[in-house]
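Order of the sequence lines fixes the chain letters, A, B, ..., with proteins taken first and strands second; residue numbering starts at 1 for each chain.
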Protein chains: 2
Amino acid sequence: MNKEYTAEQEQIARFAKAMGHPARMAILEFLAKQECCFFGDIHEELPIAKATVSQHLKELKDAGLIQGEIETPKVKYCINRENWETASKLFAKFFGQCAWGKKTCCG
Amino acid sequence: MNKEYTAEQEQIARFAKAMGHPARMAILEFLAKQECCFFGDIHEELPIAKATVSQHLKELKDAGLIQGEIETPKVKYCINRENWETASKLFAKFFGQCAWGKKTCCG
DNA sequence: CAAATTGTTCGCAAATTTACGAACGATATG
DNA sequence: CATATCGTTCGTAAATTTGCGAACAATTTG
């Protein structure tokens, strides 16, 4: 029972947690593929109620992976590119740190 | 309320979920850096009780990211390299799929 | 055999997550 | 003004997660 967690561990865990549900992965993939889109488009893609979609979007927004913007009467969502890049690098670094040689992994 | 999730979305979500806690990230980093080690070594690294460590290890094992092996009287844990590689590729693919040009992201 | 070491499992409590329908606010339309 | 559309928020229920200490099993040591 010693050390605390590093800020980087907390950060990547936050990103990972946000990605830790199929609905949220589906949302992220959908957004990543097409610049931006509206809530309704996302809802159509998913097998869950709109209230639940809204909740998942909030979590992704809180994690910093997406951002939303009101475009009356709709709401437009898109990837938060800056944080997406941050996450991308964090995960790449994480998976690249293995100590057993680059041949069998991370290649 | 339409489509279901793809197998790949489910898989990456499973990996991400397992990584979605700082303690589990710390465990993975610790293991990735040093081939293998014993339960006690992992426990020493973390600010949580052994029962909780054991639980986190079980989740990582269930997700396929690590594997354990009894080496009486200790238990040796290490990264599951095959699945680590699978995960590495899945995440790389995921973050690389953005549609807004490679210059501003994923580079 | 008694005692110590190592880690898992059990039982429990508190917090969080997931999901839904209903109600709601805001704006546009008839 | 009444209606329809769009999406969030509220309230609730069920399931899962997180964490701990105590008990436990298996082996080794005295």
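If you measure from atom CD1 of B:I70 to atom C1' of C:dT9, you get 13 Å, rounded to the nearest angstrom. At whole-Å resolution of the value, CD1 in B:I48 and P in C:dG7 are 15 Å apart. Atom CD in A:E69 sits roughly 16 Å away from atom C1' in D:dC6 (whole-Å rounding). Put simply, NZ on B:K58 is 13 Å from P on D:dT16, counting in whole angstrom units. Spacing between atom NZ of A:K50 and atom C1' of C:dC20 amounts to 12 Å, rounded to whole angstrom units. We find that NZ of A:K74 is positioned 13 Å from C1' of C:dT27, with the value rounded to whole Å. Taking atom CG of A:L46 as the reference point, atom C1' of D:dG7 lies 14 Å away to the nearest angstrom.
Under the side-chain contact (heavy atoms from CB on, under 4.5 Å) rule, A:V53 has a single partner from A:H43, A:E45, A:K58, which is A:H43.
By the 30° and 60° cut-offs, the orientation of the rings of A:F39 relative to A:Y77 is tilted. In this structure, B:F91 and B:F95 have parallel ring planes: the angle between them is below the 30° cut-off, well short of the 60° mark.
Here B:R81 pairs with B:E35 in a salt bridge; the nearest charged N to carboxylate O distance falls below 4.0 Å. Salt-bridge check for B:K93 with B:E8: passed, with a basic side-chain N closer than 4.0 Å to an acidic carboxylate O.
Dashed line: the shortest gap from a side-chain N or O of A:Y77 to OP1 or OP2 of D:dC6 is not under 4.0 Å.
Listed candidates were C:dT6, C:dC20, D:dC20. Nearest to the side chain of B:A51 is D:dC20. Distance from the side chain of A:V75 is smallest for D:dT8 among the nucleotides C:dG7, C:dA28, D:dT8. Side-chain proximity of A:F39 to the nucleotides C:dC20, C:dT6, D:dT8 is greatest for D:dT8.
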Can you pull every protein N or O that's under 3.5 Å from an N or O on nucleotides 13-18 of chain C?
residue: C:dT17; atom: OP1; partner: A:K17; partner atom: NZ; Å: 2.5
residue: C:dT18; atom: OP2; partner: A:R24; partner atom: NH1; Å: 2.9
residue: C:dT18; atom: OP2; partner: A:R24; partner atom: NH2; Å: 3.4
residue: C:dT18; atom: OP2; partner: A:E59; partner atom: OE1; Å: 3.4

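Note that CG of B:D41 and NZ of B:K76 are 12.0 Å apart. Values are rounded to the nearest 0.5 Å.
Mapping A:K76 and B:P73 onto DNA chain D via the closest heavy atom, the residue that lands nearer the 5' end is A:K76.
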Exercise for the section: Would you sort out whether B:L28 and B:L65 count as a side-chain contact (heavy atoms from CB on, under 4.5 Å), showing the intermediate values? Expected result: CA-CA 8 Å; B:L28 289 173; B:L65 289 170; 4.2 Å; yes

